[in-house]
Amino acid sequence: LAAIMLATSFVASCGSTETPEGDTTTGETTTASAEKERDPIAELGDHDLGGRTIRMLSHHDALSDERTIWSTEMNGDMINDIIYKRNSDVQDMYNFKLEMNTGDGWAADYSKLKNSVLAGSRDYDLCFLLPFAARANIVIDGLMYNMLEVPHLRFDEAWWHRNVNDLFTFDGYLPFVSSDMLLSSYQYANALIFNKKIADDYGLNDIYDVVRSGKWTLDKFAEYAEKTSADLNANGKADVEDRFGFATNFGYHAITWQYAIGEITVRLDPKEGVELGLKDERFYNLAEWMYDLFYNSGSVFEIEWDKECDIKWDEDRVFMQAIWVNDLEKFRSYRSEFGVIPYAKYDETQEGYYTYVDARAGGLAIPVDCDEKTIDDVGLIIEAMSYLSHRDLIPAYLESVTSSKLTRDEDSIEMLELINAGRRWDIGYMMSEDNSYTWVLRTSLKKSGGKLASTLESMTDKTVANFEKVLEAYKGLSELYK
């Protein structure tokens with residue numbers, strides 16, 4: 001409540017604009033040919049920011065940092081150089097300087113933002129944050145300006161991730177946004193790779209066509225995983241010297257399966273309140289399928305949390321492996337060729353292939369204490385950079401991570417486009433603590449024997465109570481902008 005009262009004074013001083021309505025379709029419906037017939041940058045008009053400095057605050061830790069949006073110089077790396085040119089072009093176009101400030105640790109950037117807002121020092125104008133690091137406080141603390149009130153942002157365009165922005169909008173308030181300006185939203189999508197040599201050896205070269213036909217299902221995945229596994233050292237047990245059909249960590253990659261079948265763990269509804277997922281027959285069947293595959297089949301090799309797989313890819317002893325798309329960079333250097341495919345879907349009746357985007361994808365936000373001129377300027381900058389990233393950065397990145405030094409893998413590029421189209425986000429993931437309802441596949445799958453209904457039921461009241469606090473905070477913040 002105190003945070004909302006603090007935010008009220010800032011909102012009053014900043015003013016507001018009308019919330020953009022947009023159309024009811026997703027931004028991805030904008031066609032490439034339509035974009036070629038227009039100039040989205042010219043449509044923003046001429047603007048001179050007077051040489052001012054825009055101070056950006058970015059997340060920074062050992063696994064992810066500001067390089068997804070920032071470069072200090074051209075260095076010959078294609079992606080780095082495109083980011084550098086994009087930032088330089090927009091600075092020259094609108095006459096401003098972009099200054100980077102970083103946190104140093106998992107949630108250090110959010111702590112810096114909170115200290116700045118509470119102290120009234122107005123240290124930052126634009127933030128690249130990991131909402132997951134702040135958990136529910138990303139809303140409860142009331143530090144973020146309503147992104148729906150920011151001028152220049154055209155949320156119906158293809159460079160905006162409408163499924164994310166719609167998901168985190170409640171009653172006209174949106175604390176942060178995602179767009180193609182964030183390369184991380186592609187880098188941290190979960191995907192699978194397969195070993196092409198093993199596919200040849202076992203006659204599984206049709207795997208791309210299986211995906212295209214809509215027959216890449218849980219049953220088909222298990223069939224391929226079991227078919228390619230073998231007890232190479234003949235000791236009667238699965239160990240590091242064997243060949244496995246699938247390698248994965250049993251944490252963030254493993255829980256991606258719940259999103260692959262179309263589940264979302266928490267929804268906030270203005271009328272119904274807090275609604276929990278994972279309570280239907282599909283999810284219960286998934287849990288039993290995972291338990292049998294992970295713990296009984298001898299087909300799955302466990303990768304430790306945030307560690308490399310102990311079975312190296314060039315050993316040709318793992319057929320499929322769970323990865324972030326960002327991991328493809330290192331696989332390009334290996335001798336054994338890989339292909340990219342999505343997580344399997346529940347069955348052939350499921351409409352599409354879905355995946356989850358890890359928390360490190362982050363989001364863009366404007367501090368609530370920014371003045372009206374800064375909000376206008378930052379909106380212009382975000383919109384321009386988002387479009388230029390959509391035009392130049394994202395296509396170059398998707399091609400670069402699937403191409404070896406000698407070949408361009410058109411099939412994997414097609415699969416990445418399929419994966420990107422099915423990216424999912426979840427309030428339950430972003431705003432929950434570890435070992436919570438959302439993480440039940442990680443925390444309780446083995447000890448429950450794959451029977452998770454009673455475990456989920458025991459966690460329901462606490463989960464609902466936690467998200468009712470989020471719901472109340474959303475309601476209080478949305479009232480400020482009406």
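Nothing here was measured: the structure is a model prediction, and the numbers come from that model.
Side-chain contact annotation: Thr217 with Asp219, donor-acceptor N/O pair under 3.5 Å absent. Counted by atom type alone, Ser386 and Ser179 present one or more donor-acceptor pairs between their side chains at under 3.5 Å. Counting only N and O atoms by type, the side chains of Thr460 and Lys279 include a donor and acceptor under 3.5 Å apart. Between His60 and Thr102, the side chains place no donor N or O within less than 3.5 Å of an acceptor N or O (distance only, hydrogens not considered). A side-chain donor-acceptor contact under 3.5 Å links Arg282 and Gln350. For Ser412 and Tyr208, the side-chain atoms include at least one donor-acceptor pair closer than 3.5 Å. Between the side chains of Asn190 and Asp358, no donor-acceptor pair is found at a separation under 3.5 Å. Using a 3.5 Å distance cut-off with no hydrogens or angles, the side chains of Asn137 and Tyr110 do not pair a donor with an acceptor. Side chain to side chain, Tyr259 and Asp426 meet the donor-acceptor criterion of an N or O pair below 3.5 Å. No side-chain donor from either of Asp369 and Tyr145 sits under 3.5 Å from a side-chain acceptor of the other.
Remark: Arg154 CZ is packed, more than 12 non-hydrogen atoms of other residues, nucleotides or ligands lying under 6.0 Å away. Crowding of Asp201 atom CG: a count of heavy atoms from other residues, nucleotides or ligands under 6.0 Å exceeding 12. At most 12 non-hydrogen atoms from other residues, nucleotides or ligands lie less than 6.0 angstrom from CD of Glu304.
Between Met147 and Pro175, every side-chain heavy-atom pair lies at or beyond the 4.5 Å cut-off. Counting heavy atoms from C-beta on, the side chains of Val139 and Met431 come closer than 4.5 Å. With contacts defined as side-chain heavy-atom distances shorter than 4.5 Å, the pair Phe170/Leu471 qualifies. In this structure, the side chains of Gln187 and Val325 stay at 4.5 Å or more apart for every pair of heavy atoms. Contact check for Trp160 versus Ile382: side-chain heavy atoms found under the 4.5 Å cut-off. The closest side-chain heavy-atom distance from Ser336 to Lys196 is not below 4.5 Å.
In this structure, the side chain of Arg423 engages the main chain of Ser185 through a donor-acceptor pair within 3.5 Å. Asn195 places no side-chain N or O within 3.5 Å of a backbone atom of Asp316 that could act as its donor or acceptor partner. One N or O on the side chain of Trp289 and one on the backbone of Leu218 form a donor-acceptor pair closer than 3.5 Å. Judged by distance alone, the side chain of Ser116 and the main-chain N or O of Lys112 form no donor-acceptor pair under 3.5 Å. Under the 3.5 Å distance criterion, the side-chain polar atoms of Asn466 are left unmatched by any main-chain donor or acceptor of Lys469. Asn146 places a side-chain N or O within donor-acceptor distance of the main-chain N or O of Leu174, the cut-off being under 3.5 Å.
Between Trp313 and Phe338, the distance separating the two ring centers is not shorter than 6.0 angstrom. No close placement of the Phe301 and Phe319 rings is indicated, their centers lying 6.0 Å or farther apart.
Here the closest heavy-atom approach between residue Ile413 and residue Leu398 is recorded as CG1-O, 4.2 Å.
Ring orientation note: the planes of His390 and Trp159 are tilted relative to one another, at an angle of 30° to 60°. Using cut-offs of 30° and 60° for the angle between ring planes, the Tyr188 and Trp324 rings count as perpendicular. Note on ring orientation: taking the six-membered ring where Trp is involved, the planes of Phe221 and Trp257 are perpendicular (angle over 60°, cut-offs 30° and 60°). Using bins of under 30°, 30° to 60° and over 60° for the plane-to-plane angle, the ring pair Tyr356/Tyr429 lands in the tilted bin.
Within the cation-pi definition used here (under 6.0 Å to the ring centroid, within 45° of the axis), Lys227 does not qualify as a partner of Tyr202. At least one test fails for Arg332 against the ring of Tyr334: distance under 6.0 Å to the centre or angle within 45° of the axis. Cation-pi contact between Arg424 and Tyr354: present, with separation from the ring centre below 6.0 Å and deviation from the ring axis of at most 45°.
Ser297 is linked by a side chain to side chain contact (heavy atoms under 4.5 Å, CB included) to Glu226, Leu293, Ser299, counting only residues two or more places apart in sequence or in another chain. Residues passing the side chain to side chain contact (heavy atoms under 4.5 Å, CB included) test with Pro131, sequence neighbours excluded: Ile138, Phe176, Met430.
Results of the ring pair (Phe, Tyr, Trp, His ring centres under 6.0 Å) test with Phe250 over Trp305, Tyr295, Trp439 single out Tyr295 as the only residue that passes.
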